[in-house]
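For reference, the structure discussed in these notes is given below.
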Amino acid sequence: MNHDAKTDSELVDWARLQAHLAPIGQQHLLAFWDRLDDAEQKQLARQILAIDPEVYRKIQNQHAAAAGSGVSDKSHWAELAARAESPPAMRLDGSGVPFSREAARERGAELLQSGQVGMILVAGGLGTRLGLDQPKGMFSIGPLSGRSLFQVLFEQLLAVSRRYGKPIPLYIMTSPATDEVTRGYLAEHRYFGLPEQDVRIFCQSTMWAIDDRWERILLETPGSLFLGPDGHGGMLAALAKSGCLANARERGLTQFFYGQIDNPLTQVCDELLLGSHALAESEMTTQVVRKRDPLERVGNVVAVDGRVQVIEYSDLPEEAARLTSDDGSLKLWAGNLAIHVMGVDFLARCAAEPDALPFHTAHKKVPYIGPEGRPVQPEKPNAIRFERFIFDLLPLAERALVVEADAAEAFAPVKNSDAEKTDNPRTSRAALVALHTRWLTAAGASVAPGTPVEINPLFAGNVAELRRKIAPGTKIDQPTYFAPNGPRVV
Ligand code: UTP
């Protein structure tokens, strides 16, 4: 929702609000108006005027069309999945593209050396599955250092920027729920060494929710709507609206590396990914991993009618998921990591089109104010929430490319609490330790079995840099953190 500047008297004009809501049948939002104090009235008025009637109608029409077409969501996806092919991809062994991995790495390095790369980091999510009362980026993930997710990713970016002697502007997306605390935290930690002028924080918009009969937009309190962040796809509009896109152009950036706050293994500004994107003249390139299991809970990156797109695991029929190619490997093999490279011009073109990204719906539990003005805590999903997803940009790209990575080197997200089996802090820390153990071994050190190690990227960001820093034959038999200024036993 857009909070345009309005004068107070304009805002609290009840008749005006009524006139805004009547055409979309949502006058119930004013039911408790007379009970609200001035500040509450202003807040509610602002939120009501930010409901875009066009967006409301479009969402309702799409819902009605889907309900009336007799084509269920399930059969829509089954039909699409039946036509889905393996996407154009650079595989781990380098096959699939007319250039070598070496050439791609060199091209990526050139892009970084010429200062054409910026990074977008999305950190507006609520982290409900992890169950935190602070932004997820502040969560301590470093197995020995205790560094937060923000610090881990910021230091990686700083290390790349130092490697190439050029700034890499960072654009961080927050949401109203995470914005203030994130700004305070990052300022307090002096952006973990990144120059302040290279860090811009922008806040995504919010979206209302509707009851699952699709009739009433929900109030969270008598004086405010229930508003949730509008999904990571909200990045597109927010980047443009905040002036960050214009800033990127002024700074001469041509490519954005895009990552999420919850994956500490993100290969920040990976040369191979950036260079493959450039050599393939791709508008959007996405890093994927080969699925280990046909029904793995990751989005499936596929090609349909020559366009790359993502089919969510929950939408992919089992039959399609299990299809194999002639060599016996999975036909739909590519799992989405939510790591992309996107052309600045491509994003600008998409951002100029307000409806470029569709809304996805989710049936969720949303506490709300009932018709008598009392709070209701639903016991089962009662509401429809709306979110935009960034991967829906893929089919809009004239040319899109997929680059396969090794999951053990690139992906260990923190989604769940340790009570769950996968994608939790425990598995993520273990993946970091395992990766850094392999790096040390490859660099000629020996790590005693079961000894945890962690390497700060400002000490060494890859095996080659590590080789220059440690003596061959070094033995590590105590938990060791390789801090920026050298190793220390912890
Ligand atoms: P997820 O979809 O995993 O959501 O976000 P989440 O908020 O982190 O966790 P749950 O689902 O509430 O448990 C993937 C990435 O997209 C960002 C998140 O911050 C994370 O980096 N994101 C998600 C946003 O920036 N905005 C959103 O509205 C949603």
Side-chain angles (χ1 to χ4, degrees), residues 1 119-139 141 148-154 156-157 170-183 185-186 200-209 226-239 241-242 244 256-266 268 286-287 297-299 310 312-314 335-340 342 357-366 381 383 385-393 411-420 422-425 427-428:
M1 309 223 322
M119 175 168 178
I120 298 171
L121 181 61
V122 292
L126 302 178
T128 27
R129 282 168 288 174
L130 187 57
L132 287 183
D133 56 2
Q134 59 181 20
K136 208 193 257 186
M138 290 163 62
F139 184 73
I141 196 66
S148 66
L149 283 161
F150 273 128
Q151 184 172 359
V152 166
L153 295 178
F154 273 49
Q156 274 215 56
L157 186 65
L170 173 62
Y171 302 89
I172 303 168
M173 184 168 85
T174 58
S175 60
T178 64
D179 188 69
E180 201 182 323
V181 184
T182 301
R183 283 177 196 270
Y185 172 78
L186 293 178
R200 288 188 66 142
I201 301 173
F202 65 103
C203 187
Q204 70 181 104
S205 287
T206 53
M207 184 64 186
W208 38 266
F226 169 86
L227 296 172
D230 60 353
H232 40 67
M235 182 279 276
L236 181 66
L239 191 78
K241 190 164 174 243
S242 61
C244 288
F256 283 118
F257 176 90
Y258 166 101
Q260 303 193 149
I261 191 60
D262 55 14
N263 178 17
L265 251 63
T266 303
V268 170
T286 186
Q287 196 180 40
R297 292 159 76 94
V298 288
V310 172
E312 296 259 64
Y313 65 86
S314 47
N336 179 29
L337 296 188
I339 292 171
H340 316 291
M342 300 178 280
L357 296 177
F359 276 111
H360 292 247
T361 57
H363 199 195
K364 296 266 169 142
K365 274 200 273 187
V366 171
R385 288 197 46 198
F386 303 92
E387 284 194 339
R388 290 183 151 125
F389 295 159
I390 209 66
F391 59 64
D392 282 326
L393 285 172
F411 192 55
V414 182
K415 298 278 186 197
N416 305 314
S417 75
D418 278 336
E420 303 291 320
T422 55
D423 297 344
N424 59 37
T427 53
S428 185

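Order of appearance sets the numbers: ligands from 1, and atoms from 1 within every ligand.
Counting atoms of ligand 1 from 1 in the listed order, those under 4.0 Å from a heavy atom of Met173 are 25 (O). With ligand atoms numbered from 1 in the order given, ligand 1 contributes 19 (O), 21 (O) to contacts under 4.0 Å with heavy atoms of Ile261. Which parts of ligand 1 touch Gln204 is read off a 4.0 Å heavy-atom cut-off, strictly below it: atoms 24 (C), 25 (O), 26 (N), 27 (C), 28 (O). Counting the atoms of ligand 1 from 1 in the order shown, those under 4.0 Å from a heavy atom of Gln260 are 14 (C), 15 (C), 16 (O), 21 (O). Contact atoms of ligand 1 toward Lys415: 1 (P), 3 (O), 14 (C) (distance under 4.0 Å to a heavy atom of the residue).
Of the heavy atoms in Met235, none comes closer than 4.0 Å to ligand 1.
In this structure, the protein non-hydrogen atom closest to atom 12 (O) of ligand 1 is Thr128 OG1, 2.4 Å. Nearest protein heavy-atom neighbour of atom 4 (O) of ligand 1: Arg129 NH2, 4.0 Å. Nearest non-hydrogen protein atom to atom 29 (C) of ligand 1 is His232 N, 3.7 Å. Considering only non-hydrogen protein atoms, atom 8 (O) of ligand 1 sits nearest to Lys136 NZ, 3.2 Å. For atom 25 (O) of ligand 1, the closest non-hydrogen atom of the protein is Gly124 N, 2.8 Å. In terms of protein heavy atoms, atom 21 (O) of ligand 1 is closest to Val122 O, 2.8 Å. Of the protein's non-hydrogen atoms, the one nearest atom 23 (C) of ligand 1 is Gly125 CA, 3.7 Å. With respect to atom 6 (P) of ligand 1, the closest heavy atom belonging to the protein is Gly127 N, 3.7 Å.
Using a 4.0 Å cutoff on heavy atoms, Gly234 does not count as a contact of ligand 1. Not a single heavy atom of Ser175 lies less than 4.0 angstrom from ligand 1.
Checked against the 6.0 Å centroid threshold, Phe389 and Phe391 count as a close aromatic pair.
Side-chain contact of Tyr185 with Ser148: a donor-acceptor pair under 3.5 Å is present, judged by distance alone.
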